[in-house]
Amino acid sequence: MATPPIAKDFPALPKSFFCRPAELVGPELVGCRLVKRQSDGSLLWGVIVETEAYSQDEPACHGYRRRSPQNETLFGEPGRFYVYVSYGIHHCVNVVTHRSEWANGVLLRAIALPAEPERVAAGPGLLARRFGIDRSDDSCSVCGENELWLAPRPAALEQPVLVTTTRIGISQGHALPWRWYLQASRSVSKRARGDRLPPVSAAWMPDGAVTA
């Protein structure tokens with residue numbers, strides 16, 4: 001069977017990786033891989049190329065004003081998925097970080113997938129849709145205990161060049177430079193002003209990626 005050897009290429013990140021503030025975990029998640037074991041045993045995976053950090057002490061965080069049944073996972077132990085619905089339409093996938101009883105997490109904003117169009121998961125909603133992630137995945141471990149997990153960076157991305165910028169799509173907390181993306185990727189949801197889209201010949205893509 002091919003599944004076990006393939007799985008060995010995607011070892012799960014340890015819980016200790018997530019036991020740090022979101023602004024430290026966020027940039028280090030860029031280049032890591034989101035992996036899902038599908039019903040037929042095959043693995044769907046992609047490389048995270050854009051993230052954003054959120055913390056309870058700043059107004060853009062879901063846990064800033066109050067704790068509720070909807071955001072309870074964000075206050076839980078680190079190393080779990082926090083999945084919420086944006087505008088009643090799109091699911092957004094986050095990873096809980098730092099410590100329990102403190103709302104802290106990293107939003108996965110964009111992923112590049114091999115053998116697929118470069119912008120198939122260029123945005124939180126598109127990302128969740130492509131991986132079939134919804135509220136049923138909320139509070140599940142990201143450390144390999146379930147069919148959806150996070151794996152380390154491949155060797156080709158051990159030292160990625162990142163762009164650091166302010167967050168987007170929020171109404172408060174604009175000044176914090178808590179968004180990061182892989183500069184060489186064409187799968188980022190929105191580039192910083194003045195940062196041009198790299199040409200296909202100079203871009204980084206997972207093996208087998210398809211240009212738009």
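Positions are given from 1, in the same order as the sequence printed here.
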**OP:** Give the intermediate values and the outcome of side-chain hydrogen bond (donor to acceptor under 3.5 Å, both in side chains) for residues Ser141 and Asn146.
**Re:** CA-CA 7 Å; Ser141 171; Asn146 303 288; 4.8 Å; no
Original post:
Thr51 side chain to Val106 main-chain N or O, any donor-acceptor pair under 3.5 Å?
Top reply: no
Original post:
Excluding sequence neighbours, so at least two apart, what forms side-chain contact (heavy atoms from CB on, under 4.5 Å) with Thr164?
Top reply: Pro177, Trp180
**OP:** Side-chain contact test, heavy atoms from C-beta onward, threshold under 4.5 Å: evaluate it for Phe17 versus Leu150 and give yes or no.
**Re:** no
Original post:
Cation-pi between Arg80 and Phe18: NZ/CZ under 6.0 Å from ring centre and within 45° of the ring axis?
Top reply: no
Original post:
Should Ile48 and Val83 be regarded as members of a common hydrophobic cluster, given that ILVMFWY residues are connected when their side-chain heavy atoms come within less than 4.5 Å of each other, either directly or indirectly?
Top reply: yes
Subject >> Interatomic distance, Leu74 atom CG to Ser68 atom OG [nearest 0.5 angstrom] >> reply: 9.5 Å
**OP:** Indicate whether any N or O donor in one side chain lies under 3.5 Å from an N or O acceptor in the other, for Ser189 and Glu50.
**Re:** yes
Subject >> Spacing of CZ belonging to Arg179 relative to OG1 belonging to Thr166, to within rounding of 0.5 Å >> reply: 7.0 Å
**OP:** Answer yes if the ring centres of Trp45 and Phe10 are under 6.0 angstrom apart, and no otherwise.
**Re:** yes
Original post:
Quick one: does Leu157's side chain get under 4.5 Å of Trp204's, heavy atoms only?
Top reply: yes
**OP:** Compare all side-chain heavy atoms of Thr73 with those of Val96 and state whether any distance is below 4.5 angstrom.
**Re:** yes
Subject >> Glu58 side chain vs Ala60 backbone, donor-acceptor pair below 3.5 Å >> reply: yes
Subject >> Arg167 side chain vs Gly173 backbone, donor-acceptor pair below 3.5 Å >> reply: yes
Subject >> Nearest non-hydrogen partners of Arg20 and Asn104, listed with the distance >> reply: O-OD1, 4.2 Å
Original post:
Considering all heavy atoms of both residues, which atom of Pro206 and which atom of Val47 are nearest to each other, and what is their separation?
Top reply: CG-CG2, 4.4 Å
**OP:** Take His90 and Val85, measure what side-chain contact (heavy atoms from CB on, under 4.5 Å) needs, and give me the verdict at the end.
**Re:** CA-CA 5 Å; His90 306 295; Val85 181; over 6 Å; no
Original post:
Going hydrophobic residue to hydrophobic residue with side-chain gaps under 4.5 angstrom, can you get from Leu29 over to Phe131?
Top reply: yes
Subject >> ring pair (Phe, Tyr, Trp, His ring centres under 6.0 Å) partners of His91, counting only residues at least two apart >> reply: none
**OP:** Looking only at non-hydrogen atoms, find the nearest pair between Leu107 and Cys92 and report the distance.
**Re:** CD1-CB, 4.0 Å
**OP:** State whether the side chain of Arg119 and the backbone N or O of Val188 hold a donor-acceptor pair below 3.5 Å, judged by distance alone.
**Re:** yes
Original post:
Are Arg99 and Pro78 side-chain neighbours, meaning at least one heavy-atom pair lies under 4.5 Å?
Top reply: no
Original post:
Val142 and side-chain contact (heavy atoms from CB on, under 4.5 Å): which partner among Leu34, Val35, Val95?
Top reply: Val95
**OP:** Could you grab the distance from atom OG of Ser187 to atom CE of Met205, nearest 0.5 Å is fine?
**Re:** 7.5 Å
**OP:** Start with the C-alpha distance between Tyr82 and Asn71, add both sets of side-chain angles, then the distance that settles side-chain hydrogen bond (donor to acceptor under 3.5 Å, both in side chains), and finish with yes or no.
**Re:** CA-CA 8 Å; Tyr82 165 51; Asn71 66 19; 5.5 Å; no
**OP:** Scan side-chain atoms only and decide if Tyr54 and Glu52 contain a donor-acceptor pair under the 3.5 Å cut-off.
**Re:** yes
Original post:
Taking C-beta and beyond as the side chain, do Leu44 and Arg130 meet within less than 4.5 Å on heavy atoms?
Top reply: yes
Original post:
Do you know the tightest heavy-atom contact between Cys143 and Gly79?
Top reply: SG-O, 4.2 Å
Subject >> Verdict with supporting geometry, Arg153 and Glu158, salt bridge (Lys or Arg N to Asp or Glu O under 4.0 Å) >> reply: CA-CA 6 Å; Arg153 291 169 172 167; Glu158 284 184 357; over 6 Å; no
Subject >> Considering all heavy atoms, the nearest Pro152-Pro11 contact >> reply: CD-O, 2.8 Å
**OP:** Check whether any side-chain N or O of Glu28 sits under 3.5 Å from a backbone N or O of Val25 as a donor-acceptor pair, and report yes or no.
**Re:** no
Original post:
Measuring from Arg135:CZ to Asp137:CG, what's the distance to the nearest 0.5 Å?
Top reply: 10.5 Å
**OP:** Report yes if the side chains of Leu182 and Val161 come closer than 4.5 Å at any heavy-atom pair, otherwise no.
**Re:** no
Subject >> Atom pair SG (Cys61) and CG (Leu176), whose distance is rounded to the nearest 0.5 Å >> reply: 11.0 Å
**OP:** Begin from the C-alpha positions of Glu101 and Arg67 and carry the test side-chain contact (heavy atoms from CB on, under 4.5 Å) through to its verdict.
**Re:** CA-CA 10 Å; Glu101 307 302 324; Arg67 189 169 180 167; 2.7 Å; yes
**OP:** With rounding to the nearest 0.5 Å, note down the distance linking CZ in Arg33 to CG in Leu43.
**Re:** 10.5 Å
**OP:** Compare every heavy atom of Val163 with every heavy atom of Ala192, then report the nearest pair and how far apart it is.
**Re:** CB-CG1, 4.3 Å
**OP:** Give a yes or no answer on whether the side chain of Arg109 reaches the backbone of Ala122 with a donor-acceptor pair at less than 3.5 Å.
**Re:** no
**OP:** Identify the residue among Leu113, Val120, Val93 that makes a side-chain contact (heavy atoms from CB on, under 4.5 Å) with Leu127.
**Re:** Val93
Original post:
Can you tell if the side chain of Tyr84 reaches within under 4.5 Å of the side chain of His62, non-hydrogen atoms only?
Top reply: yes
